[in-house]
Amino acid sequence: MTLFCIVSTPQWSHASPSPNDAFRDIRKIATEHGIEQQEIVNIGGVPQWISIRARDRSAPILLVVHGGPGFTLSAVSDYYMRDWEEFFTVVQWDQRGAGKSYRREDRQSLAATLTIDRLVRDTEELIELVGKRFKRDRVFLLAHSFGTILGVKVAQRRPDLLYAYVGMGQFVDAARSEALGYEATLADARAERNTEAISQLEAIAPFPDATHPERNLQNLAVERRWLAHYGGYFKAGGAGRHHAVAQLSPTYTAADLQARQEAHDFILQSMWGELGGVDLNNDIQFDVPVIIMQGRHDRGTSSVLVKEWHDALKVPYKKLIWFEESSHMVYEEEPGKLLVALVNEVLPLARPR
């Protein structure tokens, strides 16, 4: 899952200008029928931030449901996803309590509402809101990592709202995925005779721990460190360039990025217990097309399990597109191929029913 990218965000000095000042105009859309707006909307009784951008506002709506939980994509969308706006009306959404929707003073009241069911209902409300505004009956729902849990639930509950469901880094089974990722990472460490990795990984065994689930969150940072090192998030290993790119965002200030990390940690703490028990193996019946875009080497959301789940799907149309040079972060590792897949495989599904 982006699950659960526990990485400290580098900080800019408030005494010097932020590099994003130089790129403030990079997001400007000057086409006659274009749209670019950011706003706070009320969803489920909570103020939440959205961005709507397109070179032509008549283009089909593509709602991006980020992972984490709490790991927003809007901070890097200008770099990795800008070209999507030439073909879709792209809606970026910082989910309740995440990113630019985070309000430190609301943490206590918000914590009890951070449930999968509530976020699913938020997603449905947002689709209805933008559908009414643009006079559209349906949208595309593109979800990443943790967001795919929400996407699957919405696709099953409200197929009337969607042209298709698109999953990237598709979540299937928390316990099995975590176990497979841990086992593969430990095997790599042993093969490389990496004594530091072996020692740390063996010290947190069993992972995940079904008997003492509280240990799983405590040990998550250790497991994620080595899973990333051995290519579980990025094929080349490591943590990629997400945070460096985010610091150039014309949307997020340095203070926004600090709050974003704080929000991510808060949401992860609030939701981890529920996430550890989620299993979508029986969620295989859909009344809308399902397209999965999966990194072949993904261990964050096991590609092995994704193949099994996709094979079992009972849908009017399905397709599994493999990204051979990617692990979990397809949008960062193969952005060009992802754009081509969206245009060739997803966009044609925007037809009346």
Check: Gln170/Trp309 side-chain N/O donor and acceptor closer than 3.5 Å: no

Flag for Asp265-Gln261: side-chain donor and acceptor within less than 3.5 Å: yes

Parallel, tilted or perpendicular, as decided by the 30° and 60° cut-offs, for the rings of Phe207 and Tyr182: tilted

Geometric class of the His144/His328 ring pair [parallel <30°, tilted 30-60°, perpendicular >60°]: tilted

Whether over 12 other heavy atoms sit under 6.0 Å from Asp137 CG: no

Arg158/Glu124 ion pair, N-O < 4.0 Å: no

Other residues, nucleotides, ligands: >12 heavy atoms within 6.0 Å of Arg215 CZ: yes

Ile29 side chain reached by Ile35 side chain, heavy atoms, under 4.5 Å: no

Modelled atom types, side-chain donor and acceptor of Asp298 and Tyr233, under 3.5 Å: no

Heavy-atom check, side chain of Val343 versus side chain of Trp84, under 4.5 Å: no

Test: Lys235 and Glu325 ion pair at under 4.0 Å: yes

Donor-acceptor contact below 3.5 Å, side chain Asp122 vs main chain Leu119: no

Euclidean distance, Glu128 CD relative to Ile43 CD1, rounded to 0.5 Å: 11.0 Å

What side-chain donor-acceptor pairs closer than 3.5 Å can you find for residues 109-117, not counting sequence neighbours?
unit_1 : atom_1 : unit_2 : atom_2 : d
Ser109 : OG     : Asp106 : O      : 3.1
Thr113 : OG1    : Arg96  : NH1    : 2.9
Thr113 : OG1    : Leu110 : O      : 2.7
Thr115 : OG1    : Arg118 : N      : 3.1
Asp117 : OD1    : Arg157 : NH1    : 3.2
Asp117 : OD2    : Arg121 : NE     : 3.0
Asp117 : OD2    : Arg121 : NH2    : 3.2

Heavy-atom neighbours of Gln108 CD exceed 12 at 6.0 Å: no

Salt-bridge criterion met for Arg53 and Glu86 (N-O under 4.0 Å): no

Side chain to side chain donor-acceptor pair (under 3.5 Å) evaluation trace for Gln48 with Trp93: CA-CA 8 Å; Gln48 301 184 43; Trp93 166 41; 2.9 Å; yes

Arg57: side chain to side chain donor-acceptor pair (under 3.5 Å) partners, not counting sequence neighbours: none

Ring geometry between Tyr331 and Tyr80 (parallel below 30°, tilted from 30 to 60°, perpendicular above 60°): perpendicular

Short side-chain donor-acceptor distance under 3.5 Å, Ser51 and Gln38: no

Set of residues satisfying side chain to side chain donor-acceptor pair (under 3.5 Å) with respect to Arg104, sequence neighbours excluded: Glu262

Heavy-atom neighbours of Lys318 NZ exceed 12 at 6.0 Å: yes

Steps toward side-chain contact (heavy atoms from CB on, under 4.5 Å) verdict (Ile127, Leu63): CA-CA 8 Å; Ile127 293 172; Leu63 172 62; 3.6 Å; yes

Ring geometry between Phe71 and His242 (parallel below 30°, tilted from 30 to 60°, perpendicular above 60°): tilted

Glu345/Lys319 salt bridge by N-O under 4.0 Å criterion: yes

Geometric class of the Phe266/Tyr102 ring pair [parallel <30°, tilted 30-60°, perpendicular >60°]: tilted

No-hydrogen, no-angle side-chain donor-acceptor test under 3.5 Å, Thr185 and Asp188: no

Separation of Glu183 CD from Glu178 CD (nearest 0.5 Å): 11.5 Å

Over-ring placement of Lys100 relative to Tyr252, 6.0 Å and 45° cut-offs: yes

Point-to-point distance, once rounded to the nearest 0.5 Å, from OH of Tyr165 to CG of Leu150: 9.0 Å

Pair Thr72-Arg260, side-chain donor/acceptor within less than 3.5 Å: yes

